[in-house]
Q: 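Next up is a structure, given as structure tokens.
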Amino acid sequence: MPEGPSIILMKESLQPFVGKQVTEASGNAKFDKEVLIGQKLLEICTFGKQTYLIFEKAVIRIHLLMFGSYSINEQTKPDKSLRLGLIFSSEGIYFYTCSVKSVDPEFLFSIDWEADVMSNRWNPQKAEEKLKSSSDMMVCDALMDQNIFSGVGNIIKNEVLFRIGVQPESLLGKLPSQKRKELITEARNYSFDFLEWKRAFTLKKHWLVHTKSICPQCGSKLIKKQTGKGKRRSFYCEKDQKLY
DNA sequence: ATTTCTGTTGTTGG
DNA sequence: GCCAACAACAGAAA
């Protein structure tokens, strides 16, 4: 489920619950769920891969991590291992295998919303400053850095780097400023393409390098390698992606 | 055909 | 600051 664009889709499907009151709360999440009962869901905010359910007197943070999932109005059986279930009169939402925490509402004010590539508050200039200040960082790590490109995950990373023709292990400091700009622009552009493809259930079809073995541009074999500090797998073409 | 193994759209805590 | 741990399930290997 979990890169930023997928979280936007989750938010969209949860939107009908905004304005409704919790009547029942269940699940093995380790916080006091009872306090939610009777509270109205005021708003849903997303920041990168995180989702904040804003209630009248509480804020719940949800992170799907790698394998998290959710469902809505589940007719079916006893929970497989429900982390959090919220019933609003007759309808409900259910979260599984994810991180769920109750956070201090004040915490929302400490978030750098301009770092979220999916947000209309996204600030490319700010991203540029952050990139400039860490010149010995590899581009693959930079894209995965949630303080710079909140919402970007491994798939987006690989596809963006192919789009702009940059080898994942390139150092930020060696990147020409034009390329640095493309990196920023495409991180956001690709994320929105991802969103629309995912919405249309055609995301995988559009992958050019991620999990692929042949370069769609020159036909040569793609390199698959764990790169950067994050040691996350990268797929790239040695001919079409330049190492700076 | 069926079972087992491998790897991962991510973060945290030690 | 780095690595191990954790999670569930699809696709690959056996």
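Letters A, B, ... mirror the listed sequences (proteins, then strands); counts begin at 1.
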Q: For DNA chain B, determine which residues of residues 132-147 of chain A have any heavy atom closer than 4.0 angstrom to one of its atoms, and list them numerically.
A: A:Met144, A:Gln146
Q: Nearest to the side chain of A:Thr97, which nucleotide is it out of C:dA7, B:dG10, B:dT9?
A: C:dA7
Q: How far does the P atom of B:dT12 sit from the matching atom of C:dC9, given to the nearest Å?
A: 22 Å
Q: Can you tell me which residue among A:Lys157, A:Gln226, A:His210 is in a side-chain hydrogen bond (donor to acceptor under 3.5 Å, both in side chains) with A:Ser234?
A: A:Lys157
Q: Closest-nucleotide mapping onto DNA chain B: is A:Lys101 or A:His210 further toward the 5' terminus? I mean the 5' end.
A: A:His210
Q: How long is the line joining CG of A:Asn158 and P of B:dT8, in whole Å?
A: 11 Å
Q: Figure out the CH2/P separation between A:Trp197 and B:dT9, and round it to whole Å.
A: 18 Å
Q: Among residues two or more places apart or on two chains, list those pairs meeting ring-ring contact (aromatic ring centres under 6.0 Å, His included) that have a residue in residues 179-200 of chain A.
A: A:Tyr190-A:Trp197, A:Trp197-A:His206
Q: Tell me: CZ of A:Phe194 to P of B:dT9, nearest whole Å?
A: 11 Å
Q: Indicate every side-chain donor-acceptor pair of residues 44-53 of chain A with a distance under 3.5 Å to a residue at least two apart or in another chain.
A:
from    : atom 1 : to       : atom 2 : distance (Å)
A:Lys49 : NZ     : A:Val152 : O      : 2.9
A:Gln50 : OE1    : A:Tyr52  : OH     : 2.5
A:Gln50 : OE1    : A:Arg61  : NH1    : 3.4

Q: Rounded off to whole Å, could you give me the NZ-to-C1' distance for the A:Lys30 and B:dT12 pair?
A: 12 Å
Q: For residues 34-42 of chain A, which side-chain N or O atoms pair as donor and acceptor with protein atoms under 3.5 Å away, sequence neighbours left out?
A:
from    : atom 1 : to      : atom 2 : distance (Å)
A:Gln39 : OE1    : A:Glu56 : N      : 3.2
A:Gln39 : OE1    : A:Lys57 : N      : 2.6
A:Gln39 : NE2    : A:Val35 : O      : 2.8

Q: Excluding sequence neighbours, so at least two apart, what forms side-chain contact (heavy atoms from CB on, under 4.5 Å) with A:Thr23?
A: A:Ile87, A:Ser89
Q: For A:Lys132, is the NZ atom crowded, meaning more than 12 foreign heavy atoms sit under 6.0 Å from it?
A: yes
Q: What is the distance, to the nearest angstrom, from the CD1 atom on A:Ile155 to the P atom on B:dG7?
A: 18 Å
Q: Which residue pairs pass the salt bridge (charged side-chain N to carboxylate O under 4.0 Å, His left out) test when at least one of the two sits in residues 134-147 of chain A, sequence neighbours left out?
A: none
Q: Ignoring hydrogens and angles, state whether a donor on the side chain of A:Asn154 or A:Arg233 is under 3.5 Å from an acceptor on the partner side chain.
A: no
Q: With Watson-Crick and G-U wobble geometry limited to distances under 3.5 Å, how should the secondary structure of DNA chain C be encoded in dot-bracket form, using | for bases paired to another strand and [ ] for crossing pairs?
A: .|||||.|||||||
Q: Rounded off to whole Å, could you give me the CD1-to-P distance for the A:Ile62 and B:dT11 pair?
A: 15 Å
Q: So what does A:Lys204 hit on the nucleic acid, given a heavy-atom distance under 4.0 Å: a base, only sugar-phosphate, or nothing?
A: sugar-phosphate
Q: Tell me, please, which residues at least two apart from A:Lys11 pass salt bridge (charged side-chain N to carboxylate O under 4.0 Å, His left out).
A: none
Q: Using a 4.0 Å cut-off on heavy atoms, which residues in residues 225-233 of chain A reach DNA chain B? List them by number, or say none.
A: A:Arg232, A:Arg233
Q: Compile the donor-acceptor pairs under 3.5 Å between side chains in residues 160-172 of chain A and protein atoms, sequence neighbours left out, one pair per line.
A:
from     : atom 1 : to       : atom 2 : distance (Å)
A:Arg163 : NH1    : A:Glu186 : OE1    : 2.9
A:Arg163 : NH1    : A:Asp193 : OD2    : 3.2
A:Arg163 : NH2    : A:Asp193 : OD2    : 2.6
A:Gln167 : OE1    : A:Glu169 : N      : 2.5
A:Gln167 : NE2    : A:Glu169 : OE1    : 3.2
A:Gln167 : NE2    : A:Tyr236 : OH     : 3.4
A:Glu169 : OE1    : A:Lys225 : NZ     : 3.2
A:Glu169 : OE2    : A:Lys225 : NZ     : 2.8
A:Ser170 : OG     : A:Gln167 : O      : 2.7
A:Ser170 : OG     : A:Lys242 : O      : 3.4
A:Ser170 : OG     : A:Tyr244 : N      : 3.0

Q: Listing request: all salt bridge (charged side-chain N to carboxylate O under 4.0 Å, His left out) pairs with a residue in residues 13-29 of chain A, at least two apart in sequence or in separate chains.
A: A:Lys20-A:Glu91
Q: Rounded to the nearest angstrom, tell me the gap between atom CE in A:Met66 and atom P in C:dA8.
A: 14 Å
Q: Output all residues satisfying side chain to side chain donor-acceptor pair (under 3.5 Å) with A:Asp112, sequence neighbours left out; order by chain, then residue number.
A: A:Lys126, A:Lys130
Q: Give the rounded distance in Å between these two atoms: NZ of A:Lys224 and P of B:dT8.
A: 6 Å
